Protein chains: 2
Amino acid sequence: MPLSAQEIERIHELPLFSGLSPDGLRDLLSVAAVRVHGKRKTLFLQGDPATHFFVVLSGWVKLYRLRPDGAEVVVEIFGAGESFAEGAMHMPEGYPVSGEMVEEGRLLEVPTAAFGERVRQNPDLAISMLASMAVRLKSFVNRIEKAETQTAAQRVADFMLKFSRQDRPEDKGVVVRLPYDKQLIANRLGMKPETLSRALSALRKQGVHVDGARAEIRDLPALKRFTAPG
Amino acid sequence: MPLSAQEIERIHELPLFSGLSPDGLRDLLSVAAVRVHGKRKTLFLQGDPATHFFVVLSGWVKLYRLRPDGAEVVVEIFGAGESFAEGAMHMPEGYPVSGEMVEEGRLLEVPTAAFGERVRQNPDLAISMLASMAVRLKSFVNRIEKAETQTAAQRVADFMLKFSRQDRPEDKGVVVRLPYDKQLIANRLGMKPETLSRALSALRKQGVHVDGARAEIRDLPALKRFTAPG
DNA sequence: CGACCAATTGAATGTGTTCAACCCGTGTGG
DNA sequence: CCACACGGGTTGAACACATTCAATTGGTCG
């Protein structure tokens with residue numbers, strides 16, 4: 001199942017590929033593969049040589065680390081329209097994390113060798129890549145700040161806000177669909193599943209009502225205020 | 001006080017500049033400035049346009065965020081021989097953190113405009129920069145993992161180990177000098193000063209004896225073991 | 001129906017924070 | 001030269017938040 005024209009367009013709009021001409025992109029895509037992976041499929045393991053980086057076309061992917069004691073630390077989760085592991089191509093020690101499908105989905109898999117070659121020959125592409133990594137860097141800074149200053153409930157609220165596209169700004173309320181199971185959300189937010197469960201209960205006082213994967217936020221601005229410290 | 005030959009050599013050995021020829025480096029340095037800053041001097045504020053990036057020649061610099069409630073989150077601390085804020089040049093929103101001198105020191109200040117120009121014209125330099133940002137990215141992943149899985153005492157032990165250069169591998173013990181004041185260390189490790197103080201006391205059981213800024217590690221391998229989970 | 005797994009809830013525990021008191025070295029002004 | 005204030009650091013006690021362990025619910029798949 002190759003790429004649809006619409007998908008190619010969306011890929012071109014990714015920051016990472018904005019430095020490519022339409023021809024350049026087509027050329028790059030000719031050496032890339034589109035593959036479907038089932039749930040729980042391992043894409044790569046920490047330490048593997050970084051032979052590919054990825055673009056999520058559909059489904060969800062988690063990047064995680066396994067600690068010696070078996071505990072899993074989820075570093076990031078990516079969904080449709082996001083690229084990941086592109087930074088690893090400049091890490092001689094290989095991927096710094098392991099990658100696994102969370103839900104069945106399609107991935108664009110780009111060989112790092114071919115991409116690196118083009119980066120070398122196309123300064124605009126190099127700049128795009130730098131910008132893309134700068135964005136990631138900044139998101140890590142955000143994460144560190146949040147992990148260190150927010151309570152569990154605040155982090156959960158923050159997480160839900162990220163998934164709430166406010167279609168009609170005149171409404172203060174909105175319904176959010178939690179995109180993957182709660183264990184994964186908990187891990188991504190640096191807490192235990194029990195803590196997430198309790199945090200969701202606690203958010204009822206903030207006008208958040210959760211039933212399964214469906215979450216209803218009654219007052220978006222109020223929740224946003226709850227997120228901030230002080 | 002311009003750069004000494006030795007300093008220029010050390011700058012050239014930085015990953016960030018390894019993509020430059022000796023002439024290229026000289027050329028770049030001709031547009032850079034060396035400045036001395038006193039303790040507590042603000043270098044830039046979060047949101048400021050990223051006009052420069054920096055190399056620490058001597059002293060210490062902290063990068064931090066100020067939360068609305070006035071709390072300060074220290075994101076990173078850099079010392080002699082390290083570059084910082086180079087990633088900000090690709091962030092249209094400006095520096096993602098604020099920067100301040102911790103101790104008096106000398107900085108090499110490189111204008112981003114001039115550097116960006118050279119990145120555009122020199123693919124090797126672009127690659128160096130990508131590699132440099134990849135290293136930073138990985139260090140953030142490490143930090144997230146540590147923050148989420150280690151106790152305060154373990155993080156403190158880990159911190160001291162980073163500063164313990166093991167001169168003679170036949171010795172199991174070593175003396176470490178804490179490089180800056182404990183409030184800053186505490187903040188950098190995501191804990192309160194009181195907690196750091198208690199953690200240092202607790203480490204006595206692991207053969208760590210602290211007096212002021214002088215810390216003695218009696219059994220390096222044992223402390224390393226203590227750092228790991230499980 | 002029964003087994004299993006995700007999710008929830010309760011109770012006990014643990015780790016770190018908060019608030020307060022105190023020590024100590026340094027620097028300042030009388 | 002001494003008295004005193006100040007800031008960094010330490011320590012104690014009470015508290016808050018999250019984890020752990022255990023029990024229970026509810027849904028899904030066999």
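Convention: sequence-line order gives letters A, B, ...; per-chain numbering from 1. Remember, it's a predicted structure, so these values are computed and weren't measured experimentally.
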For D48(A), enumerate each residue passing the salt bridge (Lys or Arg N to Asp or Glu O under 4.0 Å) test, keeping only those at least two apart in sequence or located in another chain.
-> none
Distance (rounded to the nearest 0.5 Å) between E109(A) CD and H37(A) NE2 = 4.0 Å
Would R177(A) and E216(A) pass as an ion pair if we require N to O under 4.0 Å?
-> no
On DNA chain C, reading 5' to 3', which nucleotide is the first and which the last to sit with an atom under 4.0 Å from a heavy atom of chain B, could you check?
-> dG16(C) to dC19(C)
salt_bridge(K41(B), E104(B)) N-O dist < 4.0 Å = no
For R67(A), enumerate each residue passing the side chain to side chain contact (heavy atoms under 4.5 Å, CB included) test, keeping only those at least two apart in sequence or located in another chain.
-> D69(A), A71(A), V73(A), E145(B), T149(B), Q150(B), P229(B)
Test: K39(A) and E100(A) ion pair at under 4.0 Å | no
Starting at the 5' end of nucleotides 7-21 of chain D, put B wherever the base has a protein heavy atom under 4.0 Å, S where only the sugar-phosphate does, and a dash everywhere else.
-> -SSSBBB----SBBB
Check whether the ring centres of F54(B) and F44(B) lie less than 6.0 Å apart, and answer yes or no.
-> yes
Stepwise salt bridge (charged side-chain N to carboxylate O under 4.0 Å, His left out) check, K138(B) with E93(A) | CA-CA 10 Å; K138(B) 194 178 170 187; E93(A) 332 77 27; 3.1 Å; yes
To the nearest 10 degrees, what angle separates the axes at the start and end of the helix from dC1(C)-dG30(D) to dG30(C)-dC1(D), five pairs each?
-> 20°
Looking at Y64(A), is K62(A) sitting on its ring face, NZ or CZ under 6.0 Å from the six-membered ring centre and within 45 degrees of the normal?
-> yes
What residues, two or more places apart in sequence or in another chain, satisfy side chain to side chain contact (heavy atoms under 4.5 Å, CB included) together with K224(B)?
-> L161(B)
